[in-house]
Amino acid sequence: MNKPMTTEDLFNMIQNILKEKEKLPAILDYGLSTRSPVPIKTYEFDLVNKLAMGGSEGIYLD
């Protein structure tokens, strides 16, 4: 049986697709997937994200 995709895997996959298609804003410095990855075991889930200014850095996607 395959290991389920995690929230971190999904975030990184979406971010890589957006980078390849040049859809991420140029001002974005980096993306943070999560501190605690959770396995995605069902198709019933909500995506939540935050685009914000970093403390001493630039803009990041969380």
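Numbers here are sequence positions counted from 1. When reading the values below, keep in mind they use all heavy atoms of this one structure, side chains included, and skip hydrogens, waters and symmetry mates.
- Side chain of N16 to main chain of N12: a donor-acceptor pair is present (N/O by atom type, distance under 3.5 Å, no hydrogens or angles).
- Minimum heavy-atom separation, T7 to S36: OG1-O, 4.4 Å.
- Note that NZ of K19 is 13.0 Å distant from CD1 of I14, once rounded to the nearest 0.5 Å.
- When side chains are defined from C-beta on, L10 counts as touching I40, because their heavy atoms get closer than 4.5 Å.
- If you take CD on E22 and CG on L24, they are separated by 10.0 Å, rounding to the nearest 0.5 Å.
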